[in-house]
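Taking it in order: structure first as structure tokens, then the write-up.
The chains referred to below are lettered A, B, ... by the order of the sequence lines, with proteins before strands, and numbering in each begins at 1. What's counted below: heavy atoms across the whole structure, side chains too, no hydrogens, waters or symmetry copies.
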Number of protein chains: 2
Amino acid sequence: MAYPRTRIVPLGGLGEIGKNMMAIEVGDDIVVVDGGLMFPEAEMLGVDLVIPDITYLLENRSKLRAIVLTHGHEDHIGALPYLLPRLNVPVYSTPLTNGLVSVRLKDRHAIQNADLNILRPGRQLELGALRVEFFRVAHSIPDAVGVVLHTPAGAIVHTGDFKFDHTPVDGEPTDLARLARLGEEGVLLLMSDSTYAEVPGYTPSEQIVGDTLHRIIASAQGRVIIACFASLISRIQQIVDGAIACNRKVLVIGRSMQDNVAMALELGYLYAPEGTFINPDDLKRLPADKVVIVATGSQGEPTAALARMANKDHRFVRIQPNDTVVLSATPIPGNEELVARTINNLFRQGARVLYSPMEPVHVHGHAAQEELKLMLSLVKPKYFVPIHGEYRHLIHHKELAKAVSVPDQNCFVMMDGDVLELAEGGGKVVSQVSANYIYVDGIGDVGPEVLRDRRHLSQDGMLVLVLALDRKTGALAARPEIVQRGFTSPDDAANLLEQAREVAEKAIGGGGEVRDEWSSTASSVREAVGAFLYQQTRRRPLILPIPIEV
Amino acid sequence: MAYPRTRIVPLGGLGEIGKNMMAIEVGDDIVVVDGGLMFPEAEMLGVDLVIPDITYLLENRSKLRAIVLTHGHEDHIGALPYLLPRLNVPVYSTPLTNGLVSVRLKDRHAIQNADLNILRPGRQLELGALRVEFFRVAHSIPDAVGVVLHTPAGAIVHTGDFKFDHTPVDGEPTDLARLARLGEEGVLLLMSDSTYAEVPGYTPSEQIVGDTLHRIIASAQGRVIIACFASLISRIQQIVDGAIACNRKVLVIGRSMQDNVAMALELGYLYAPEGTFINPDDLKRLPADKVVIVATGSQGEPTAALARMANKDHRFVRIQPNDTVVLSATPIPGNEELVARTINNLFRQGARVLYSPMEPVHVHGHAAQEELKLMLSLVKPKYFVPIHGEYRHLIHHKELAKAVSVPDQNCFVMMDGDVLELAEGGGKVVSQVSANYIYVDGIGDVGPEVLRDRRHLSQDGMLVLVLALDRKTGALAARPEIVQRGFTSPDDAANLLEQAREVAEKAIGGGGEVRDEWSSTASSVREAVGAFLYQQTRRRPLILPIPIEV
């Protein structure tokens with residue numbers, strides 16, 4: 001049989017961390033792995049989140065068979081509430097992932113018409129001419145999987161996020177046997193998680209964290225408050241286990257965490273004896289050393305539970321001097337300042353605060369270098385594409401692949417939007433598709449020009465110049481009005497703005513028609529006032545001349 | 001003799017990293033240690049730098065005897081160009097620090113009238129009733145010292161920034177003997193660097209970095225480009241040594257680094273044989289494997305040399321595939337994203353990029369826990385104040401002091417502006433002085449209300465509503481004009497703004513006098529339009545109604 005056209009089209013996650021989404025096109029069938037969001041970087045001002053650009057999928061909607069999901073973290077499922085209503089395509093995932101997607105879709109009022117389906121590891125599903133199969137991987141959330149796409153040209157393996165934890169909390173390690181068998185049968189392409197490709201050695205097992213949390217809870221004099229990601233079900237299980245062993249009750253704080261816990265309990269991914277969980281009201285009647293609180297806010301997010309506690313701003317938890325607070329997480333790049341501030345404020349409230357790396361209260365969910373090599377050695381792919389990482393991670397992962405003897409010309413360091421075509425003779429990036437950042441802000445998205453203006457406004461503020469023009473003559477009818485925000489302190493403003501007014505008047509010149517040449521007038525006013533203000537202050541506010549006919 | 005009033009007044013550096021400045025007041029004499037700047041945090045939008053609030057010093061100008069400087073890093077001397085012209089006080093420092101201060105003051109046109117003096121370690125200087133003395137410390141810059149203030153009540157020891165490097169680049173380790181002798185004679189108060197109080201063990205010696213850089217330069221096929229702090233003279237010495245050993249020439253790029261190198265060569269703090277340094281023009285004639293480039297930009301600063309090279313935007317250095325680029329620094333908290341972006345872009349240009357912790361190309365200049373304990377054990381102070389650190393660092397340092405048997409009630413975790421009074425019976429925080437952040441932006445400073453507006457503008461942009469009011473009747477004379485920036489994409493704007501216009505008209509109501517109740521009109525328009533836009537977009541732009549009489 002002829003080798004069908006096989007294309008790999010990353011729409012997110014290659015060249016940046018987050019918004020993971022990979023389209024695989026074989027012949028007339030497209031299968032998409034994941035649909036995640038990215039948290040905005042510092043300069044994406046006012047943006048709530050970033051989602052992938054799906055222009056390519058909309059243009060090829062007739063070929064799109066399914067979205068399959070590797071696990072329930074935001075950077076793999078978080079864009080679905082925005083994308084599913086536009087794509088209207090079946091979704092396949094394991095039960096816990098499916099539960100987390102449902103919670104997310106309900107939150108965003110996008111659950112109606114969603115076609116959500118369960119696919120269990122080991123089962124195969126026909127999608128057009130392709131067969132899809134999940135295999136278990138260990139990650140920092142239960143029920144995580146990698147994806148095998150059986151194509152006429154061979155198996156394509158996508159690891160999702162993974163590590164080789166041999167003692168995971170849920171007892172489900174990465175499926176070495178299935179990977180080895182795939183490797184024996186021949187794998188066309190491996191796409192593997194690069195997040196930790198810079199880290200030598202092995203990532204420690206989650207077990208270490210469980211042991212540490214148990215020890216902390218056992219030795220604490222008062223309450224223990226532990227913050228972690230809302231979706232980190234296995235960590236919550238460890239906390240629950242520690243609490244039960246120490247004869248304490250557990251209070252869950254933060255709506256997203258409460259929803260996830262309820263769902264995980266219902267689906268059987270979280271185990272706790274009857275009566276383990278308590279309500280906020282119970283805090284009053286229980287002694288401090290009988291309570292463990294699990295809370296959101298481990299990234300220092302200002303509106304989440306932990307930051308509120310740190311700011312004495314939480315509805316029902318006030319930090320007490322005997323409290324032990326544990327941050328069972330490490331800051332996502334960009335969040336370091338917020339996390340540090342939260343820790344400082346917790347100390348100021350008198351808490352004992354424990355965090356990584358001073359205490360081993362967190363391990364990562366991603367494979368380090370030796371594990372990445374193990375994956376490569378098991379799967380023995382013909383072609384290799386490092387995925388999930390910044391450019392430097394992809395480069396380092398490629399070096400590992402070469403060390404495990406994938407030929408250099410068969411390794412492809414791709415960026416989002418690159419189209420890799422695999423043919424009998426070899427692989428080649430043949431074209432690009434649209435893969436912009438889509439910036440979600442409130443309802444709807446904003447374009448790069450909006451962000452450019454926000455950046456400008458954020459640096460030096462703005463100055464509005466209202467110019468009244470005579471309706472009949474088109475000439476300046478009154479002195480310009482100037483209003484500023486974020487440019488200078490009100491005390492310094494009066495004199496400076498009066499001078500700027502004079503500069504503006506001079507730039508316009510006396511008495512002539514202005515309206516008909518408004519755009520040139522506007523730009524000469526903008527330039528003259530801008531130059532004057534820069535000379536006075538070394539600042540460049542956004543200057544906005546507005547004409548009003550009177 | 002009576003115990004004079006002894007007060008410790010931190011004006012910067014306690015509770016945050018940077019802008020270090022400590023006032024020590026004994027009887028009628030005030031001596032200030034350091035005058036540093038802080039780099040702005042992410043939410044200090046448009047701010048160039050933050051300097052200490054010196055209200056207390058201005059109010060007590062008649063007691064102020066001198067500013068003494070511990071070393072030449074920005075966070076210890078960077079505010080002097082702004083503060084010295086207002087304080088007009090003699091400055092004492094070691095020769096290299098003095099040279100760096102001169103460079104800084106010339107840069108900012110603040111050198112005239114500056115009263116700069118050299119004080120060498122071991123010499124004592126009378127300042128009012130006090131005697132001041134420097135002692136050598138090892139830090140990541142040569143000629144660094146700690147300060148002893150001999151007071152009638154005993155010695156006050158301020159460590160500056162330090163570590164116990166027994167093999168420093170400049171051969172000048174921390175003066176153990178002087179510290180031990182001070183400890184024997186009896187120290188009233190120790191103030192010690194807390195930056196690394198969370199780090200267990202010892203900070204490695206600078207020697208490790210020298211060895212690594214030598215190895216990298218020796219094995220590189222092409223050019224080696226090394227970025228570090230402009231003031232890191234000892235690192236530059238290591239790079240020069242490595243280059244010479246490998247028969248390469250050195251090009252220094254970045255004006256601040258060039259100035260510092262010239263000054264350090266002149267003062268004898270940097271040693272290089274004649275002909276070591278080359279000009280940009282020489283790049284063309286020299287083979288790539290005969291060149292080492294030292295550059296600014298190790299923090300990913302967009303306008304510094306390294307980021308420009310990474311962006312193909314540098315005047316005369318274009319990255320080539322055989323280049324090895326070394327980041328001999330770690331990101332200051334808050335700079336992680338910028339540094340990561342620079343690294344990614346350098347990889348994209350085809351360079352081999354080496355950085356910490358993957359390669360030991362940087363060590364820190366601050367003492368870790370075992371060194372902090374050694375300092376405490378040598379000095380054996382009666383009272384202890386941890387300095388230079390966030391609140392959490394100060395807390396951890398206090399725990400170390402207690403472990404080395406300073407009594408709990410003699411340890412004071414202070415914040416900037418706290419006034420600690422030490423008397424015969426004990427110490428006590430007795431009051432607070434003004435210790436605000438002074439935000440420098442271009443020429444002059446901006447207040448917190450300006451930053452609040454910038455924050456608002458940065459999140460959701462702004463909307464100007466120009467309301468033309470009839471000069472005679474005071475009523476609305478025309479439809480409101482609306483202009484927006486940074487709120488919504490132009491494509492989405494037209495329809496939305498037209499509706500907002502109608503909402504504004506409705507809020508004002510028909511035909512009545514508006515001018516006399518302008519402030520209530522403005523706020524009702526702002527509220528109505530704001531509510532409408534929030535309901536449509538979930539965004540809250542800054543809304544600015546401007547009245548114009550026509």
Side-chain angles (χ1 to χ4, degrees), chain A residues 15 41-43 45-46 198 200 333-334 336-337 340 343-345 347-348 353 358 390-392 395 441-447 449-451 453-462 464 466 468 477-478 481 483 485-492 534 536-539 542 544 546 548-550, chain B residues 15 41-42 45-46 198 200 333-334 336-337 340 343-345 347-348 353 358 390-392 395 441-447 449-462 464 466 468 477-478 481 483 485-492 534 536-539 542 544 546 548-550:
Chain A
E41 293 173 9
E43 84 274 10
L45 295 166
E198 287 185 354
E336 293 85 353
E337 271 184 48
I343 292 174
N344 285 322
N345 288 338
F347 271 120
R348 282 203 188 91
V353 193
M358 297 189 72
E390 299 172 25
Y391 194 81
R392 56 187 179 148
I395 289 279
D441 179 10
I443 297 172
D445 53 280
V446 294
E449 73 286 6
V450 171
L451 295 189
D453 282 342
R454 286 183 188 170
R455 216 126 56 209
H456 191 166
L457 290 166
S458 76
Q459 289 305 297
D460 289 317
M462 57 115 172
V464 179
V466 183
E481 291 286 334
V483 178
R485 283 289 185 285
F487 164 56
T488 187
S489 295
D491 299 346
D492 309 334
Y534 181 73
Q536 295 288 313
T537 63
R538 293 287 179 280
R539 296 174 209 154
L542 189 150
L544 197 59
I546 303 179
I548 300 290
E549 292 204 350
V550 298
Chain B
E41 294 173 8
L45 295 167
E198 287 185 356
E336 293 85 353
E337 271 183 48
I343 293 173
N344 285 322
N345 288 338
F347 271 121
R348 282 203 188 92
V353 194
M358 296 188 74
E390 298 172 26
Y391 194 82
R392 57 189 180 147
I395 289 278
D441 180 10
I443 297 172
D445 53 280
V446 294
E449 74 286 5
V450 170
L451 295 189
R452 208 157 38 235
D453 281 342
R454 286 184 188 170
R455 216 128 54 212
H456 191 165
L457 290 165
S458 76
Q459 289 305 297
D460 290 317
M462 58 115 172
V464 179
V466 183
E481 290 287 334
V483 179
R485 283 291 184 283
F487 163 56
T488 186
S489 296
D491 299 347
D492 309 334
Y534 181 74
Q536 294 289 313
T537 64
R538 292 288 180 279
R539 297 174 209 155
L542 188 149
L544 197 60
I546 304 180
I548 300 290
E549 291 204 351
V550 298

Between the main-chain N or O of G486(B) and the side-chain N or O of R454(A), is there a donor-acceptor pair closer than 3.5 Å? yes
Is it the backbone or the side chain of L544(A) that comes under 4.5 Å from a heavy atom of chain B, or both, or neither? side chain
Which value, rounded to the nearest 0.5 Å, describes the distance between S458(B) atom OG and D453(A) atom CG? 12.5 Å
For chain B, the option from A477(A), P490(A), A468(A), A478(A) that forms the most heavy-atom pairs under 4.5 Å: P490(A)
With a 4.5 angstrom heavy-atom cut-off, which part of E449(B) approaches chain A: side chain, backbone, both or neither? side chain
Contact part of E390(A) toward chain B, heavy-atom cut-off under 4.5 Å: side chain, backbone, both or neither? both
Honestly, the part of A340(B) sitting under 4.5 Å from a heavy atom of chain A is both
Give, as side chain, backbone, both or neither, the part of V466(B) having an atom under 4.5 angstrom from any heavy atom of chain A. side chain
Between E41(B) and chain A, with a heavy-atom cut-off of 4.5 Å, which part of the residue counts as in contact: side chain, backbone, both or neither? both
Of the backbone (N, CA, C, O) and the side chain (C-beta and beyond), which part of F487(A) lies under 4.5 Å from a heavy atom of chain B, both, or neither? backbone
Over all heavy atoms of both residues, which pair between S489(B) and V450(A) is shortest? Give the atoms and the distance, please. N-CG2, 3.5 Å
Please classify the contact between A42(B) and chain A as side chain, backbone, both or neither, with a heavy-atom cut-off of under 4.5 Å. both
Which atoms of D491(B) approach chain A - backbone, side chain, both or neither, heavy atom under 4.5 Å: neither
Could you state the interatomic distance from CD (E549(B)) to CD (E481(A)), rounded to the nearest 0.5 Å? 8.5 Å
Closest approach of I546(A) to V464(B) (non-hydrogen atoms, all atoms of both residues): CD1-CG1, 3.8 Å
Sort E336(A) into side chain, backbone, both or neither according to what part of it lies under 4.5 angstrom from a heavy atom of chain B. side chain
With a 4.5 angstrom heavy-atom cut-off, is it the side chain or the backbone of R539(B) that approaches chain A, or both, or neither? side chain
At their closest point, which heavy atom of N344(A) faces which heavy atom of Y391(B), and how far apart are they? OD1-N, 3.3 Å
Per-residue tally against chain A (heavy atom, under 4.5 Å) across E198(B), R538(B), R455(B), H456(B) peaks at E198(B)
Could you state the interatomic distance from CG (D441(A)) to CG (D460(B)), rounded to the nearest 0.5 Å? 5.5 Å
Region of V446(A) that comes under 4.5 Å of a non-hydrogen atom in chain B: both
Atom pair CZ (R485(B)) and CE (M462(A)), whose distance is rounded to the nearest 0.5 Å: 10.5 Å
Rounded to the nearest 0.5 angstrom, the CG-CG distance for L542(B) and L457(A) is 9.0 Å
Given that the side chain runs from C-beta out, which part of P200(B) has a heavy atom under 4.5 Å from chain A: side chain, backbone, both or neither? neither
